K.L.:
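What follows is a structure written as structure tokens; I'll ask about it next.
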Amino acid sequence: MWLFNVVGLVLIALIVWWFWLYKPQSVQVSDQNAIDIVVENGVYNPAHVRVPAGKPLKLRFLRKDQSPCAAMVVFADFNISEELPLNKPKEIELHPEKPGRYSFTCQMQMYRGELEVTGGSQ
Amino acid sequence: MEPKHAHHVHAPTATQASHHTELAIEGMGCASCVAKIEKALQAVPGVASASVNLAERSATVESSVAENTLIQAVIGAGYKAKVIEAEQVEAQMAEKEAAEFAYYKRLLREMAIALGIGVPLMLYGLLGGAMEVNAGTRVGWLVVGALTAGVMYYAGRHFYVGAWTSLRNHSANMDTLIALGTGTAWLYSMLVVLAPEWVPESARHVYFEATAMIIGLINLGLALELKARGRTSQAIKRLIGLQAKTARVIRKGEEVDVPIERVMMDDLVRVRPGEKVAVDGIVVEGHSTLDESMLTGEPMPVEKSEGAEVAAGTLNKSGTLVFRATRVGKDTALARIIQMVKQAQNSKPPIGRIADVIASVFVPAVMIIAVVSALVWLNFGTASLGADRAMALALVSATTVLIIACPCALGLATPMSVMVGVGKAAESGVLIRNGEALQTASRITAMVLDKTGTITLGAPKVTRIDVLAEFPEDTLLQLAASLEAGSEHPLAQAIVESAQERGLTTAAVSGFSALAGRGVQGLVDGKALLFGNEKLMQEQGVALADAVSKAQALAEEAMTPMYLAVDGRLAGLIAVADPIKEDSISAIQRLQRNGIRVVMLTGDNRATAQAVAKKVGISEFFAEVLPEHKSDKVAELQAQGEIVGMTGDGINDAPALALANVGFAIGTGTDVAIESADVTLMRGSLHGLADAIAVSKATMRNIRQNLFGAFIYNVAGIPIAAGGLYPLLGVLLSPVIAGAAMAFSSVTVVSNANRLRLFKTQEH
């Protein structure tokens, strides 16, 4: 029995670490301030984007995922929600002014990505 | 030559962002221009190819360059250019629908395969067939296991691929839950079949039917959800359907039909009877009546002749008009309305935020609950049930928890209702800016109405002239009109129009100044004129004597009396009345019946205000409020704890509209100030206010039902799935039932949102 319990507790610890505590690497945005994000199989790729504050930013989404859940991307903090056409790039322009972490999600919050806005332009 | 509407020849990948741009080019007259523009475009780094079509005045460019850079290159060559949207919104919608239909059919096909295996298996079990593995049935179950794996591959692959990619990305979603639930059931069953000796004898039960059934049911649920979702966007489809596809443009004296995206600013466009107006413009020739009901909800056709504005999407009824295009493409009122409705439909009211927070941590939390429930069964069930049975129940409960939990219902609850509610409002001529405005509008307790142009028509007329000195009536009017000729105040316009009707010509004015909230002063024909209200006369020391009582009498009849003083002496009274809109009274009653405190604000004098207020049944009003003080009144009401809606024409009410909890702008005809207010009423009727509040209330009620349903479903479902009823009733939920419940919970949410489509705004 103890074996089951240990396995169970390790599983729970793994879930907590993997989904909540782990901070994945961000993709630094290129010089042109534009980045391509592919929406496929339930995820945004890359899902973590690091950008400097105060510079206009273009995110080019390409949705390859047929699921209706993928059809919308919402940047709640920027008051932006845009429909993503299937297999066609859709550009979204943002002006992140304040440093911080801003999530972008599908309407149901199942597809999740994060925009990390770092202080000052580097 | 490239086809006119080349669809994207290839779908550019994310990394290789080469794309296809079509530009409309202006100012191109000869074949040499073609080479010049092509050369200019090809010189831009990143342009792969550029070809210019002289006949169509367009350029087709393959490049990885931003559209603006291309336009700059054309401008640099001495021409003008704009982007032709690769496809019209309508075509995009059609394409989206086709893609969704294909996906729908695929889901149904997958469902049929999965249920084709799952249903016979489940029936076999229900009809008493042995689901346990023993020496005799092992090979048979092995075949069933392989078939189920086939179902998982064919019909459930998207769940597993989605679960795996999101797991790698440290995120979890619906796919994760379904993949874990069905995967656990299958793996356990295969373990029983392949290595029964590793599993206690009484736990050698297979769950292949659960795997197949769940995959089938969830695919069915997704298909139904897709269908129901399609219906939620009907309102926007209707608006998009209003757009004309072609326009008859007059170029160099010749009339040609061109796709509307190629109509340029200042093009002359002919619209014949029965045709839709293609872009916004100003009539330069002809006379006709236009049906604008599709935009404003106003059923009466509107007359249009030279100088009148026409809006895209409206229908020409009788005559032929030629108009000059003033707004094209994305800038037409219709396009902006569509854009705004779409934006609003996608925005979330604050009420949805709790659900979002829950949804964002939901899946990992459910996974933890599943593990905990298995552990509880193993630790506490062993003593009473025996280790074998406890183990089987631990497995079943963990699987069922994973399957029953439905974050989708929570996540869908708010957006689906907003989508339908905002669309419904747009259908009755009410544009709601965003989800927040929708939520606040449902809670309004006090409504402040500006009088002029809101309760009244805002087109006052001179109704009485009282001569109080030696000047005759026409002279009084002529002097007043001369003074007011330059003013844009509606009362001033009434005076000028009235003078014109009498054939009076205005004289030059000098030293003109407008005194906010009081009136105007200036010199006409060497006479010093003062024209305005009592306050102005008092301030300037003009003796009024018994004129005050005359003015009061006029004011009691809802007229606005204005004093005219010539050289410091009172010369007469000119009364202007602004007729009350036909349905203002019933609309105000409707608001009051709904328990809303209606307050009227006006810059007019107290007596006029009182007369209007009395006529329309408003007991609380503030008269002689200067434009800059209107917002103070809104603040006062807010200080009293009211949630204040402010309605005005959006021009001099801007600060009050901004300060109010919800600002309503009344559009007149198609001239909608859709950027300025939280809610824009596209027609002039105040019924739009009650409609807006009624729609927002209905939508918020719908959202609450959805959130409550989704919340209760998960709160009750997960403990039951974990085996919460077992100690009391001895029953454990089957994973198959959990799968069905989960699949239909999202469908229920979307269907409930669709119920809003039946909502009818109550008129008059």
Side-chain angles (χ1 to χ4, degrees), chain A residues 1 4-5 7-12 15-24 32 34-48 58 60-62 64-69 71-72 74 76 79-83 85-89 91 103 105-113, chain B residues 8 11-15 17 19 92 95-96 99-100 102-103 106 158 161-176 222 225-226 229 342-343 346-348 353 355-357 359-364 367-368 371-372 374-375 378-379 382 387 394 407-408 410-412 415 434:
Chain A
M1 186 58 62
F4 283 118
N5 286 334
V7 170
L9 291 175
V10 168
L11 259 179
I12 292 174
I15 293 170
V16 171
W17 174 73
W18 189 258
F19 293 108
W20 288 331
L21 301 181
Y22 180 84
K23 288 280 170 246
Q32 300 91 40
I35 193 156
D36 294 305
I37 297 178
V38 181
V39 188
E40 198 174 14
N41 294 325
V43 292
Y44 298 117
N45 189 18
H48 295 267
K58 264 189 196 154
R60 198 157 38 230
F61 282 86
L62 180 66
K64 293 182 174 173
D65 199 321
Q66 273 194 316
S67 159
C69 308
M72 205 81 84
V74 182
N79 229 345
I80 289 175
S81 64
E82 285 284 353
E83 206 167 317
L86 198 58
N87 293 323
K88 274 186 200 150
E91 266 186 16
S103 62
T105 63
C106 71
Q107 266 189 327
M108 299 192 285
Q109 309 268 328
M110 295 292 107
Y111 293 60
R112 301 186 67 81
Chain B
H8 285 273
T13 59
T15 43
H19 55 261
Q92 281 172 9
E95 199 173 297
K96 185 182 153 206
E100 280 185 356
Y103 185 53
R106 200 186 95 195
H158 54 111
V161 175
W164 176 242
T165 45
S166 49
L167 182 71
R168 274 197 339 218
N169 274 277
H170 296 265
S171 73
N173 55 28
M174 271 280 304
D175 291 340
T176 316
L222 283 176
E225 186 190 316
L226 201 64
R229 270 180 183 232
K342 270 179 130 177
Q343 285 272 325
N346 296 339
S347 74
K348 259 186 205 174
R353 290 198 193 130
D356 283 352
V357 173
S360 64
V361 294
F362 191 86
V363 176
M367 288 159 74
I368 292 172
V371 175
V372 170
L375 290 183
L378 287 171
N379 284 295
T382 310
C408 283
L410 268 175
L412 278 175
N434 55 32

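Since the structure is predicted, the reported quantities are computational estimates derived from the model, not experimental observations. In what follows, every chain begins at residue 1, and chains take the letters A, B, ... in the order their sequences are listed. The figures here come from the full heavy-atom set of this structure, side chains too, leaving out hydrogens, waters and symmetry mates.
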K.L.:
Below 4.5 Å from any heavy atom of chain B, which atoms of A/S67 appear? Answer side chain, backbone, both or neither.
P.N.:
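Both parts, heavy atoms under 4.5 Å.
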K.L.:
Which atoms of B/R106 are under 4.5 Å from chain A, going by heavy atoms: the side chain, the backbone, both sets, or neither?
P.N.:
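Just its side chain gets close to chain A.
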K.L.:
Minimum heavy-atom separation for A/V38 and A/K64, please, with both atom names.
P.N.:
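So the minimum-distance heavy-atom pair works out to CG1-CD, 4.0 Å.
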K.L.:
Answer with side chain, backbone, both or neither: which region of B/L167 has an atom nearer than 4.5 Å to a non-hydrogen atom of chain A?
P.N.:
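Contact with chain A is through both the backbone and side chain of B/L167.
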K.L.:
Backbone N or O of A/N41 within a donor-acceptor pair of the B/T165 side chain at under 3.5 Å?
P.N.:
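Yes, B/T165 side chain to A/N41 backbone: donor-acceptor pair under 3.5 Å.
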K.L.:
If only side-chain N and O atoms count, and only distance matters, is there a donor-acceptor pair under 3.5 Å linking A/D65 with A/Y111?
P.N.:
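Result is yes, a qualifying pair exists.
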K.L.:
Using a cut-off of under 4.5 Å for heavy-atom pairs, which of B/V361, B/L226, B/N434, B/V372 has the most such pairs with chain A?
P.N.:
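The residue among B/V361, B/L226, B/N434, B/V372 with the greatest pair count is B/V361.
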K.L.:
For B/N169 and A/N45, does a side-chain donor sit closer than 3.5 Å to a side-chain acceptor?
P.N.:
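Not at all, the side chains of B/N169 and A/N45 share no donor-acceptor pair under 3.5 Å.
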